[in-house]
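The structure appears below as structure tokens.
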Amino acid sequence: MEPLIVTVAAVGAEVMPHQTPHLPVTPEALGETAARCREAGAAIVHVHCRNDDGSNASDPERFAAAYAAIRERSDIVVQFTTGGAIGMTGAERAAPLRLRPEMATLTCGTVNFGDEVFENGFPLMREILAEMAANGVVPELEIFDAGHLANAKRLAAEGLLTFPRHVDFVLGVPGALEATVRNLSFLVDGLPAGCTWSVAAVGRDQVRLAAVAIAMGGHVRVGLEDNIYYEKGRLARNEELVARVVRIARELGRSVAEPDEARRLLGIPPLGVGFSHTGKRPMAL
Ligand code: KMH
Ligand code: ZN
């Protein structure tokens with residue numbers, strides 16, 4: 001099996017600071033969290049940005065500050081969200097791509113999200129993909145529901161996307177596909193040849209599905225975006241969630257990928273020796 005790539009989704013858009021003291025709200029806090037998670041075994045940090053009051057930010061300046069704060073402290077792969085927060089416009093969601101992050105997510109379809117609707121129609125997906133292509137950003141396909149992979153295949157048929165790709169199955173969002181082993185297995189069966197995949201399950205299913213993915217040869221995403229508890233009644237720190245899946249992987253005989261190894265597996269250009277805060281990828285505001 002290839003080495004396990006651990007992604008940490010450290011902040012997200014939905015968890016608010018009053019729910020946990022461990023949410024990295026500022027760019028500096030995110031940079032420090034990313035470095036601790038990298039030490040614990042994470043290869044990728046999935047980035048959402050917040051304003052100091054915890055509200056969601058989409059302005060490229062805030063993302064630039066976060067990117068710099070992360071890169072000053074570690075060589076972890078930087079993956080921006082383009083899902084943003086519910087209610088953001090397509091332009092807001094795509095704006096940080098101008099900073100040329102190494103990787104960014106593309107949610108592959110509209111889905112119920114609790115009592116709200118996470119809108120991802122084809123025109124929006126095409127707009128985001130065009131912006132990724134213009135900035136040389138490697139997409140990670142986010143699959144929340146059963147039809148989303150078919151949507152991604154349609155975008156590929158239109159020539160906007162090529163396979164194989166890295167695909168992340170986000171399971172257990174209320175209103176979308178439940179976090180079950182059966183659902184995961186069904187989704188993996190539908191992947192085009194050569195795709196790599198990871199699973200990000202919500203809440204208490206996070207560690208259970210991560211263990212299954214590790215055994216199946218997939219990769220994992222953990223972090224406060226999807227789950228704020230380490231166990232019932234005990235709030236988690238991001239790095240603890242990373243350390244736990246790394247321990248499980250080692251117990252199962254699976255090695256864990258360093259960021260450079262993850263870059264190689266995912267087709268991301270290497271950072272190079274002696275990375276700077278911008279790495280080899282100049283940020284353009
Ligand atoms: N905040 C969610 C509505 C992503 O980051 O790409 C969507 C999300 C997906 O978090
Ligand atoms: Zn996210």
Side-chain angles (χ1 to χ4, degrees), residues 1-9 42-47 76-84 93-94 96-97 100-111 118 120-171 173 176-177 183-201 209-210 213-214 216-221 226 257 259-270 281:
M1 277 183 200
E2 61 193 13
L4 175 72
I5 300 171
V6 179
T7 298
V8 62
I44 302 176
V45 60
H46 170 69
V47 174
I76 196 166
V77 177
V78 176
Q79 178 196 82
F80 281 3
T81 178
T82 68
R93 288 167 52 176
L97 295 173
R100 301 172 56 80
E102 299 183 271
M103 195 177 205
T105 55
L106 174 77
T107 300
C108 293
T110 297
V111 67
F118 181 26
N120 294 283
F122 277 99
L124 175 63
M125 292 191 280
R126 291 188 191 107
E127 180 187 332
I128 290 174
L129 274 177
E131 196 64 23
M132 284 192 194
N135 289 291
V137 179
V138 174
E140 173 181 285
L141 307 180
E142 304 285 301
I143 305 296
F144 287 67
D145 220 339
H148 286 189
L149 201 49
N151 294 347
K153 290 175 185 171
R154 183 175 174 212
L155 291 165
E158 291 178 11
L160 299 176
L161 191 63
T162 55
F163 280 109
R165 283 278 149 223
H166 188 56
V167 176
D168 183 40
F169 299 119
V170 185
L171 301 182
V173 169
L177 209 54
N183 284 343
L184 178 63
S185 163
F186 155 77
L187 289 167
V188 172
D189 279 350
L191 285 174
C195 285
T196 49
W197 61 272
S198 68
V199 68
L209 271 276
I214 293 167
M216 286 172 75
H219 303 279
V220 303
R221 177 173 111 172
D226 307 318
D260 277 345
E261 221 166 356
R263 286 185 178 91
R264 190 177 51 72
L265 291 168
L266 302 178
I268 299 170
R281 300 174 59 79

To the nearest 0.5 angstrom, please state how far the CG atom of Leu149 sits from the CH2 atom of Trp197.
13.0 Å
Nearest heavy-atom approach of Leu265 to Pro3 is CD1-O, 4.0 Å
Just wondering, do Val170 and Thr107 contact through their side chains at under 4.5 Å, heavy atoms?
no
From Leu191 CG over to Phe169 CZ, what is the distance, rounded to the nearest 0.5 angstrom?
4.0 Å
Glu102 versus Pro269, closest heavy-atom pair with distance:
OE2-O, 4.3 Å
Any non-hydrogen side-chain atom of Glu142 less than 4.5 Å from a side-chain atom of Arg221?
yes
Any side-chain heavy-atom pair of Glu2 and His219 under 4.5 Å:
yes
Report the distance from atom NE2 of His166 to atom OG1 of Thr196, rounding to the nearest 0.5 Å.
5.0 Å
Answer whether the closest heavy-atom distance between the side chains of Leu187 and Val199 falls below 4.5 Å.
no
In terms of heavy-atom contacts, Val77 and Ile268 come closest through CG1-CD1, 3.9 Å
Can you list everything that forms a side chain to side chain donor-acceptor pair (under 3.5 Å) with Arg126? Sequence neighbours excluded, please.
Glu158
Are Thr7 and Ser198 close enough that some pair of their side-chain heavy atoms sits under 4.5 Å apart?
no
Nearest-0.5 Å distance that lies between atom CZ in Arg93 and atom OG1 in Thr105
8.5 Å
What are the two closest non-hydrogen atoms of Val138 and Leu266, and how far apart are they?
CG1-O, 4.0 Å
Closest non-hydrogen atom pair between Asn151 and Cys108, with its separation:
ND2-O, 2.8 Å
Does atom CZ (Phe186) have a neighbourhood of more than 12 heavy atoms from anything else shown, all under 6.0 Å?
no
Output for pair (Arg154 CZ, Leu160 CG), nearest 0.5 Å, gives 10.5 Å
Minimal non-hydrogen separation, Asp226 against Ala200, with atom names
OD2-CB, 3.7 Å
CZ of Arg263 to CD1 of Ile5: how many Å apart, nearest 0.5 Å?
11.0 Å
Non-hydrogen side-chain atoms of Glu140 and His46 separated by less than 4.5 Å
no
Asn120 side chain near His148 side chain, heavy-atom distance below 4.5 Å:
no
Find out whether Leu209 and Leu184 are in side-chain contact, i.e. whether some heavy atom of one side chain is under 4.5 Å from a heavy atom of the other.
yes
